[in-house]
Participant: 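The following block contains the structure, expressed as structure tokens.
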Number of protein chains: 2
Amino acid sequence: MGRIHEAVRLTADLIILTIRDGALNVLLVERENEPHRGRLALPGGFLRGDEPLERTAERELAEETGLDASAFRLRQVRVYSEPDRDPRRPRVITCGFLAIAPNLPSPVAGSDARSARWVPVVEAAGAALAFDHGRILADAVDLARDLLQFSTVATAFCGPEFTIGDLREVYETVWGVALDRPNFHRKVTDALGFVEPTGGKRPSPGGRPAALYRAGGATELSPPMMRPRVDA
Amino acid sequence: MGRIHEAVRLTADLIILTIRDGALNVLLVERENEPHRGRLALPGGFLRGDEPLERTAERELAEETGLDASAFRLRQVRVYSEPDRDPRRPRVITCGFLAIAPNLPSPVAGSDARSARWVPVVEAAGAALAFDHGRILADAVDLARDLLQFSTVATAFCGPEFTIGDLREVYETVWGVALDRPNFHRKVTDALGFVEPTGGKRPSPGGRPAALYRAGGATELSPPMMRPRVDA
DNA sequence: GTAATAGTGTCTCTAAGACAATATAGG
DNA sequence: CCTATATTGTCTTAGAGACACTATTAC
């Protein structure tokens, strides 16, 4: 085989999003090796042996967060193959994988990455992440915003039981808009398979207690949750 | 670097869709080399030197169709990295790129691929394509169907000038449904930036001549063109 | 005239959005 | 009682869909 078909190395980079303290957060690690040593970066790693790239992503997810990767649905964001995105040779090309996580108890129970921590997305977008991870993060957040519109993934940001108010806060946080409470409530409870009541209730601070729900069986959301028009 | 990070080779495979004789067609080539020699496959090729994968795709598009790749908008479908998808070693991992083309004059004016030809998608889905190209094609067609819904790419299936009827046939062909003519007409002409009239007309077979339009400036379509509900 | 296709008008119905009103808790 | 949050009700309006109707050509 000719040298013209340069061999490359592939990595899977993870964009693990969650909501903490009312803000969208992403899991970042501090790089311990060159290049970009000490910079914040998305967790990720090299494709190994005979695994598909999806398994690479699952493996890294488990290593970085200590969570069972099978509980998450990973989604490809896209491939990043600019020749200068990584100075190493042979070239390093990556694929972004989006994961949506509920609010996790400790900062991160992960083993491998002692330096892993949650960072608000607005803050991460301001910081200069390693490689082209800033761009990858932005693309993943865009994807997440679209997913909220047409699928039921919003429940993945919540725990096993949640209130309609919790779910509304997910939309408001990820989209950065305020939604009408009564209309949101009706829309969500009317959509088939989005949420189903558990029968339980949770007290609200100084108000009527909210009914608890769990995620329903549907993955597609129809009619979609319309994002309010942005009048530019 | 340890052997654990096996080097891989990357290819870009193209799913070039067009409409011919009222049917959705895809450009396929007959493989001239092993593996899968003689089988139908998507056009594509290896990443070369220091180019990004997008340029690989553009290059192959130009080589296979003779068309200027800059006239097309290529979209990543996704990465296919199953270890057994290609028997060659080192592993070959590919990324699908969707291209939407107007009805081209000759079968294919391409230079390199003498065996390139348009194949109806329904026929290609039945035939056993090389590698996992059947799956890639199916994913790309799904993506195209979604794009019609939320973007203005339908005009890319048409030439520089087209009638509303032409555009309606694009939707009907790709979605495989019949659409209401009056409602479609109003919807398209009312949407901002979707189409703009050229002032010209084109005679219809035994009917009132149709006004000609060209693609408008918008890329997003809002409100989206709703695909009729499928009652499974 | 008829046939065929292009385009307009109008009605119904679903669903989004605004917002009033009611329900249920803690103080 | 008041306050805060959850939930239901009601009205308005945008837009999808059905379909009658008009317009413009070829024959």
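What you see is a predicted model; the values in this text were computed from it and never measured. So that the names make sense, note that chain A is the first sequence line, chain B the second, and so on, each numbered from 1.
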Participant: Whole-Å distance between C:dA16 C1' and A:Tyr171 OH?
Facilitator: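 Rounded to the whole Å, the gap is 15 Å.
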
Participant: When the distance from CZ of A:Phe184 to C1' of D:dT5 is rounded to whole Å, what number comes out?
Facilitator: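 Value for this atom pair: 15 Å.
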
Participant: Check whether any side-chain nitrogen or oxygen of B:Arg181 sits under 4.0 Å from OP1 or OP2 of C:dA6, and answer yes or no.
Facilitator: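 Answer yes for this pair, as a side-chain N or O of B:Arg181 is under 4.0 Å from OP1 or OP2.
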
Participant: Should we say atom CZ of B:Arg202 is surrounded by more than 12 heavy atoms from elsewhere, each under 6.0 Å from it?
Facilitator: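 Above 12, so yes.
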
Participant: Taking CZ in B:Arg39 as the centre, count heavy atoms belonging to other residues, nucleotides or ligands within less than 6.0 Å. Is the count above 12?
Facilitator: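 Above 12, so yes.
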
Participant: Quick check for you: among D:dT7, C:dA25, D:dA20, whose closest atom lies nearest to any side-chain atom of B:Pro182?
Facilitator: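 The listed nucleotide nearest to B:Pro182's side chain is D:dA20.
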
Participant: What's the CZ-C1' distance between A:Phe162 and D:dA6, to the nearest Å?
Facilitator: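 Rounded to whole Å, this separation is 16 Å.
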
Participant: Taking CD from A:Glu172 and P from D:dT5, how many angstroms apart are they, rounded to a whole number?
Facilitator: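 Rounded to whole Å, this separation is 13 Å.
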
Participant: Round to a whole Å and report the spacing from CE of A:Met225 to P of C:dA15.
Facilitator: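 Going from A:Met225 (CE) to C:dA15 (P), I get 13 Å.
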
Participant: Let me know the distance between NZ of B:Lys201 and C1' of C:dA6, rounded to the nearest Å.
Facilitator: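 One finds 9 Å between C1' of C:dA6 and NZ of B:Lys201, rounded.
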
Participant: Regarding D:dG9, can its base be found pairing with the side chain of A:Arg186 as donor and acceptor, where the two atoms are less than 3.5 Å apart?
Facilitator: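 By the distance-only test, yes, there is a pair.
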
Participant: Centre of B:Tyr80's six-membered ring, under 6.0 Å away, within 45 degrees of the axis: is that where NZ or CZ of B:Arg78 sits?
Facilitator: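 Yes, B:Arg78 and B:Tyr80 form such a contact.
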
Participant: Please tell me which of A:Pro205 and B:Pro209 maps to the more 5' nucleotide of DNA chain D, matching each residue to the nucleotide holding its nearest heavy atom.
Facilitator: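 With A:Pro205 and B:Pro209 compared, the 5'-side residue is A:Pro205.
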
Participant: Around atom CG of B:Asp21, are there more than 12 heavy atoms of other residues, nucleotides or ligands at under 6.0 Å?
Facilitator: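 No, because the 6.0 Å sphere around CG of B:Asp21 holds 12 heavy atoms or fewer from other groups.
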
Participant: Picking from D:dT5, C:dA18, C:dA6, which would you name as closest to the side chain of A:Arg208?
Facilitator: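 Output: D:dT5.
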
Participant: Using a cut-off of less than 4.0 Å, is there contact between a side-chain N or O of A:Lys187 and OP1 or OP2 of C:dA16?
Facilitator: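 For A:Lys187, the contact criterion (side-chain N or O under 4.0 Å from OP1 or OP2 of C:dA16) is met.
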
Participant: Rounded off to whole Å, could you give me the CZ-to-C1' distance for the B:Arg168 and C:dG7 pair?
Facilitator: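 Interatomic distance, CZ of B:Arg168 to C1' of C:dG7: 11 Å.
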
Participant: Which residue, A:Gly207 or A:Asp180, contacts DNA chain C at a nucleotide closer to its 5' end, judged by nearest heavy atom?
Facilitator: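 Per heavy-atom nearest nucleotide, the more 5' residue is A:Asp180.
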
Participant: Measure CE/A:Met226 against C1'/C:dA15 and give the value in whole Å, please.
Facilitator: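 Taking CE of A:Met226 and C1' of C:dA15, I get 11 Å after rounding.
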
Participant: Hey, does the side chain of B:His185 come within less than 4.0 Å of C:dT8's phosphate (OP1/OP2), counting only N and O?
Facilitator: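 Yes, because at least one side-chain N or O of B:His185 sits under 4.0 Å from OP1 or OP2 of C:dT8.
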
Participant: Once the angle between the rings of A:Phe131 and A:His133 is folded into 0 to 90°, is it parallel (under 30°), tilted (30 to 60°) or perpendicular (over 60°)?
Facilitator: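 Ring orientation, 0 to 90° scale: tilted.
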
Participant: Quick check for you: among C:dG9, D:dT8, C:dA6, whose closest atom lies nearest to any side-chain atom of B:Asn183?
Facilitator: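 The answer is C:dG9, which lies nearest to the side chain.
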
